[in-house]
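Accompanying notes for the structure given below.
Counting convention: from 1, in listed order, for ligands and their atoms alike. It should be emphasised that the depicted structure is a prediction, and the values quoted were computed from it without experimental measurement.
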Amino acid sequence: MNIKLFGKTKNDEAVLMFELHNKSGMRVSVMNFGATVVKILVPDKNGNIQDVALGYDYFDNYLNDSVYFGCIVGRYGNRIAKGRFALNGKEYKLATNDGDNHLHGGQEGFNKKLWEVIESESVIIESITFAYNSPDGEEGYPGNLRLEVTYIVTEDNELKIEYRGTTDKPTVLNPTNHTYFNLTGSFDKSILNHKLQMDAGQFTPTDAGSIPTGEIIDVKGTPMDFQKEKTLGEDIEAGFDQLKYASGYDHNFIFNNFDGQTKHRATLTDPGSGRVMDMYTDQPGVQLYTGNFLNGVKNGKGGITYSKHSGICLETQHYPDSPNKENFPTVVLKPDEEYRQTTIYKFSVKQ
Ligand code: BGC
């Protein structure tokens, strides 16, 4: 594994970049700041190896980032309405950073923390583990929480992400990875020509502020139906209210027959480059986000300014605002339990 200094935090701590390889040429760079995926280099149908993960070339831009490129989001991926929830009869007030709501862990989420590095020896596969200890009361959350995230690059061209979390008081936990993919390998191209298939028969509609209403709606007959492969741009301008609120897709989709096992759940294909990304997860849902608010994000890789729809996130997780929705699967973590998540992004090509 190749390790290099990528930058320094505001407190002058070293930010390290770890490059994980496999024998077929896949390379993934991750750093200990935010446990962030910085690069994913994979071949296209002609064997050209290119980066398919949006981000920045220079570390300082990650310090100031507000779009969550590649990072681990925590404690809670997506929104908690009004930054409030009750647990065991006690009301908790979280930091608000998205209007009146709490988004992606608050003012300074896990994406802006320097994680501990735990290296492990393996000659078979390359992996690195990052750990973060979140103190009781951080951003308003109860309990001292420890989250470990392991990135693994396998010989099958998979980027495998394993999460483990523990707490000393009941709390809520819903971490995810926020990589923006663009399978063309050219970040000046839009992702609207990518095709997506997802094993998701339902979604959670939101209000205009992206807070779930609590309803669970069938995708059938709506622009939200990706059960058969569909081009992302096909219905995005359909005038559907849900898509108008978010200027595109920014919704939680519910996987069919959820049972906590790691299953194949989605396939993203770029017909031009032939790159295919299969997604496997044990989570009940995924936030499909089509990079609707990327327009004007400067200092992108190669000096580019990103545009709306420059990247797509497939954030595997529990549903947004679950702490306030009794009908959504629970996100409560108790001291005698261990949180676990496995998500795999597997790359291949189609001629
Ligand atoms: C959310 C968007 C938000 C974005 C921030 C996504 O996960 O669903 O609403 O704007 O992250 O970059």
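Atoms of ligand 1 found under 4.0 Å from any heavy atom of Tyr180 (numbered from 1 in listed order, with element): 12 (O). Residue Gln287 approaches ligand 1 through these ligand atoms, each under 4.0 Å from one of its heavy atoms: 8 (O). Within the listing of ligand 1, atoms 12 (O) sit less than 4.0 angstrom from a heavy atom of Val67. Every atom of ligand 1 is numbered from 1 in the order shown, and the set under 4.0 Å from a heavy atom of Phe293 is 10 (O). For ligand 1, the atoms lying closer than 4.0 Å to a non-hydrogen atom of Asn78 are 1 (C), 8 (O).
Between Tyr68 and ligand 1, no N or O atom pair is found at a separation short of 3.5 Å.
Thr154 contributes atom OG1, which lies 7.0 Å from atom CE of Met26 (distance to the nearest 0.5 angstrom).
In this structure, a donor-acceptor pair under 3.5 Å is absent between the side chains of Asn11 and Thr9. In this model, no donor atom of one side chain and acceptor atom of the other lie less than 3.5 Å apart for Thr343 and Gln283.
For residues 146-167, there are no ring-ring contact (aromatic ring centres under 6.0 Å, His included) pairs, not counting sequence neighbours.
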(request) Might you work through the salt bridge (Lys or Arg N to Asp or Glu O under 4.0 Å) test for Arg75 and Glu139, ending with a clear yes or no? (result) CA-CA 9 Å; Arg75 295 187 190 189; Glu139 302 288 331; over 6 Å; no
(request) Report the C-alpha distance between Asp270 and Arg275 in whole Å, list the side-chain angles of each, state the deciding distance to 0.1 Å, and finish with yes or no for salt bridge (Lys or Arg N to Asp or Glu O under 4.0 Å). (result) CA-CA 5 Å; Asp270 170 40; Arg275 288 193 183 91; 5.5 Å; no
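Annotation: cation-pi pair Lys113/Phe110 absent, no NZ/CZ under 6.0 Å from the ring centroid and within 45° of its normal.
Atom 3 (C) of ligand 1 has its closest protein heavy atom at Arg79 NH2, 4.0 Å. Regarding atom 7 (O) of ligand 1, its nearest protein heavy-atom neighbour is Glu315 OE1, 2.7 Å. Protein heavy atom at the shortest distance from atom 9 (O) of ligand 1 is Asp250 OD2, 2.4 Å.
Contacts of Val73 with ligand 1, taken as heavy-atom pairs under 4.0 Å, are absent altogether. Residue-level proximity to ligand 1 for Tyr249 is absent, since no heavy atom of it falls below 4.0 angstrom.
The two residues Thr204 and His251 make their nearest non-hydrogen contact at O-CD2, 4.4 Å.
In this structure, Phe69 does not count as a contact residue of ligand 1, since none of its heavy atoms falls inside 4.0 Å of the ligand.
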